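Below: the structure, in structure tokens.
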Amino acid sequence: MTQAHQGGAHGWTGARKGALSRLRFTSLRLRLVVVFGLVALTAAVSASGIAYWLNREAVLTRTQDAVLRDFEQEMQNRAGALPERPTQDELQHTAGQMAGSDQRFSVLLVGRDAEGRTVYGSSGGLNGFSLQDVPKSLRTAVNRTQKVDGANKHPYHLYWQRIVDHDTPYLVAGTRVIGGGPTGYMLKSLEPEAKDLNSLAWSLGIATGLALIGSALLAQAAATTVLKPVQRLGAAARRLGEGKLDTRLRVSGTDELADLSRTFNNAAEALEKRVADMAARDEASRRFVADMSHELRTPLTAITAVTEVLEEELEAETGSMDPMIEPAVRLVVSETRRLNDLVENLMEVTRFDAGTARLVLDDVDLADQITACIDARAWLDAVELDAERGLHARLDPRRLDVILANLIGNALKHGGSPVRVSVREADDSIVIEVQDHGPGIPEDVLPHVFDRFYKASASRPRSEGSGLGLSIALENAHIHGGEITAANSPDSGAVFTLRLPRGTSPAEEEQPAEDGLTPGSDTDRPQGEDTKGDA
């Protein structure tokens with residue numbers, strides 16, 4: 001795949017991920033659209049439901065009143081003109097006349113002839129409207145005689161009922177002729193009104209859908225207007241978190257979002273100024289330490305030369321050294337060495353803080369490297385090594401020696417012999433464990449063992465080491481891309497675990513020190529560094 005195609009694929013993937021992130025339910029934009037849609041849907045459905053119900057009642061009531069009024073009029077005019085004992089032909093003829101009214105309903109007349117038989121007359125003939133089409137409850141109500149009093153002037157009334165037959169709505173009504181005569185029933189189809197109401201329902205449904213779409217578009221526009229400044233603010237905050245302290249927002253308007261943007265700009269400006277001040281002070285502090293270390297090295301060189309002469313006098317068997325001043329001379333020699341180590345360690349710490357420390361990588365046989373570190377310090381009798389030969393890693397040998405010298409020397413001084421050093425492979429890394437058989441590290445001290453100049457006991461403010469050994473060892477592990485952890489073994493003693501990648505790519509090779517000395521290393525001292533004891 002060409003680079004252009006890769007860029008296009010990556011761009012499409014990024015755009016797709018961006019679109020999906022905007023569609024997350026946790027997205028404020030999506031929630032705003034959903035809320036707008038739900039509000040619009042609720043309002044539209046409520047309004048449509050109320051409008052449909054009101055129109056339905058109005059349409060049905062208007063049609064129903066007109067039909068019932070016409071039927072009642074026909075019953076009075078035509079059925080009331082029939083004899084009390086009509087024949088079937090008379091009922092049939094009258095029913096046909098009644099059905100011919102403006103409302104076009106079906107009519108069924110029921111009466112008794114001169115011989116007392118029940119006779120029927122239907123406007124639709126023998127197969128038309130029949131008594132079985134009338135609900136029983138309606139027939140019972142029509143034939144029930146009401147008590148006549150001041151509030152009720154007639155024994156019979158007009159009753160009606162809506163029914164549905166084969167998905168078609170009908171209006172059924174019935175009444176009796178007052179003063180004697182046939183009973184009349186009417187059947188009116190409400191299908192035209194139902195069709196009108198269905199059309200109204202479809203119209204209201206379409207209006208609801210349009211309202212929902214309009215609300216979604218409105219919500220999208222509102223979200224774009226409101227959330228775009230918030231998105232810009234989020235992007236600016238991310239850039240600020242990435243260290244781009246010159247990030248600022250463009251302020252427009254006088255609303256709350258504009259106030260928020262101004263507040264962000266003020267905070268970013270104050271933060272940039274504060275970080276610049278702190279960086280300047282930190283740089284000045286590092287420069288002071290570096291300059292002080294360099295300045296101390298010149299007199300230390302002379303003092304070291306004098307102490308070497310004094311040490312030779314101490315070791316000579318001539319007895320020329322006055323016994324009264326011999327302890328003072330030994331103290332001067334040991335303290336000069338300690339001061340020289342402290343200066344070298346401070347210079348190495350300054351390199352780490354300034355980011356100028358570099359690796360000089362080589363293919364290292366770990367077993368040979370550890371053996372050489374132990375042998376150079378005469379620790380062979382006190383250290384057990386568990387490492388197979390032939391296990392190689394690409395590391396900086398000098399810095400690895402510094403790490404091992406500090407960890408092993410620290411275990412020998414503050415732990416207990418024998419100290420066990422084991423090496424094993426874990427995925428793409430090398431794990432080196434240094435375990436002693438001492439009392440272990442107190443739990444309150446464990447988080448601070450790699451701190452610079454940390455003292456575990458206030459009663460021991462001084463120690464033979466500089467208090468920087470484990471800190472320098474950790475920095476050397478970090479520059480390799482590794483890590484050092486400290487813990488207590490379940491059996492006894494402390495365990496320091498060094499984990500390093502097998503193949504480290506150096507940024508660039510470190511330039512040699514100006515004076516040829518090895519910075520940050522305690523390898524020239526057999527006892528190692530005692531940061532753990534000072535921790």
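Everything numeric in this text was worked out from a predicted model, so none of it was measured.
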Practice problem: Test Leu407 against Ile432 for side chain to side chain contact (heavy atoms under 4.5 Å, CB included), laying out the working first. | Solution: CA-CA 10 Å; Leu407 294 182; Ile432 302 175; over 6 Å; no
Within a strict 4.5 Å, meaning less than it, do heavy atoms of the [X] and [Y] side chains meet?
X: Leu240; Y: Phe264; result: yes
X: Glu269; Y: Lys273; result: no
X: Asp133; Y: Val172; result: no
X: Glu74; Y: Val107; result: no
X: Phe71; Y: Met98; result: yes
X: Leu391; Y: Arg502; result: yes
X: Ser471; Y: Phe450; result: no
X: Leu366; Y: Leu400; result: yes

Distance from [X] atom [atom1] to [Y] atom [atom2], nearest 0.5 Å?
X: Asn265; Y: Thr247; atom1: CG; atom2: OG1; result: 10.0 Å
X: Asn476; Y: Leu395; atom1: CG; atom2: CG; result: 11.5 Å
X: Leu359; Y: Ile479; atom1: CG; atom2: CD1; result: 4.5 Å
X: Ile403; Y: Glu475; atom1: CD1; atom2: CD; result: 10.5 Å
X: Lys188; Y: Thr63; atom1: NZ; atom2: OG1; result: 8.0 Å
X: Leu500; Y: Asp428; atom1: CG; atom2: CG; result: 13.5 Å

Could you tell me whether a side-chain N or O of [X] sits under 3.5 Å from a main-chain N or O of [Y], the two making a donor and an acceptor?
X: Gln92; Y: Ser122; answer: yes
X: Asp436; Y: Gly493; answer: no
X: Arg139; Y: Val134; answer: yes

Quiz item: Any chance NE2 of His93 has more than 12 other-residue heavy atoms, nucleotides or ligands included, within less than 6.0 Å?
Solution: no
Exercise. List the steps, then state whether side chain to side chain contact (heavy atoms under 4.5 Å, CB included) holds for Arg248 with Glu272.
Key: CA-CA 11 Å; Arg248 298 293 185 272; Glu272 183 180 19; 2.7 Å; yes
Quiz prompt | CA sep, side-chain torsions, deciding dist, call: Arg281, Asp277, salt bridge (Lys or Arg N to Asp or Glu O under 4.0 Å) | solution = CA-CA 6 Å; Arg281 287 197 295 269; Asp277 293 342; 5.1 Å; no
Please find the pair of heavy atoms, one from [X] and one from [Y], that lie closest to each other, and give the distance.
X: Ala486; Y: Val449; answer: CB-CG2, 3.8 Å
X: Gly111; Y: Leu91; answer: N-CD1, 3.9 Å
X: Ser106; Y: Ser123; answer: CA-OG, 3.5 Å
X: Ala473; Y: Asn406; answer: CB-CB, 4.3 Å
X: Gly184; Y: Leu109; answer: CA-CD2, 3.7 Å
X: Met75; Y: Pro182; answer: CE-O, 4.3 Å

Quiz prompt | Derivation of the side chain to side chain contact (heavy atoms under 4.5 Å, CB included) call for Glu425 and Ile430 | solution = CA-CA 5 Å; Glu425 293 183 271; Ile430 298 295; 4.1 Å; yes
Quiz prompt | Test side-chain hydrogen bond (donor to acceptor under 3.5 Å, both in side chains) applied to Asp196 - qualifying residues, sequence neighbours left out | solution = none
Quiz item: Charged N to carboxylate O under 4.0 angstrom, Arg262 versus Asp259?
Solution: yes
Self-check item: Check ion pair Arg117-Asp113 (N to O, under 4.0 angstrom)
Solution: yes
Quiz item: Does the side chain to side chain contact (heavy atoms under 4.5 Å, CB included) test come out yes or no for Asn488 and Leu446, once each step is laid out?
Solution: CA-CA 9 Å; Asn488 287 316; Leu446 268 177; 3.9 Å; yes
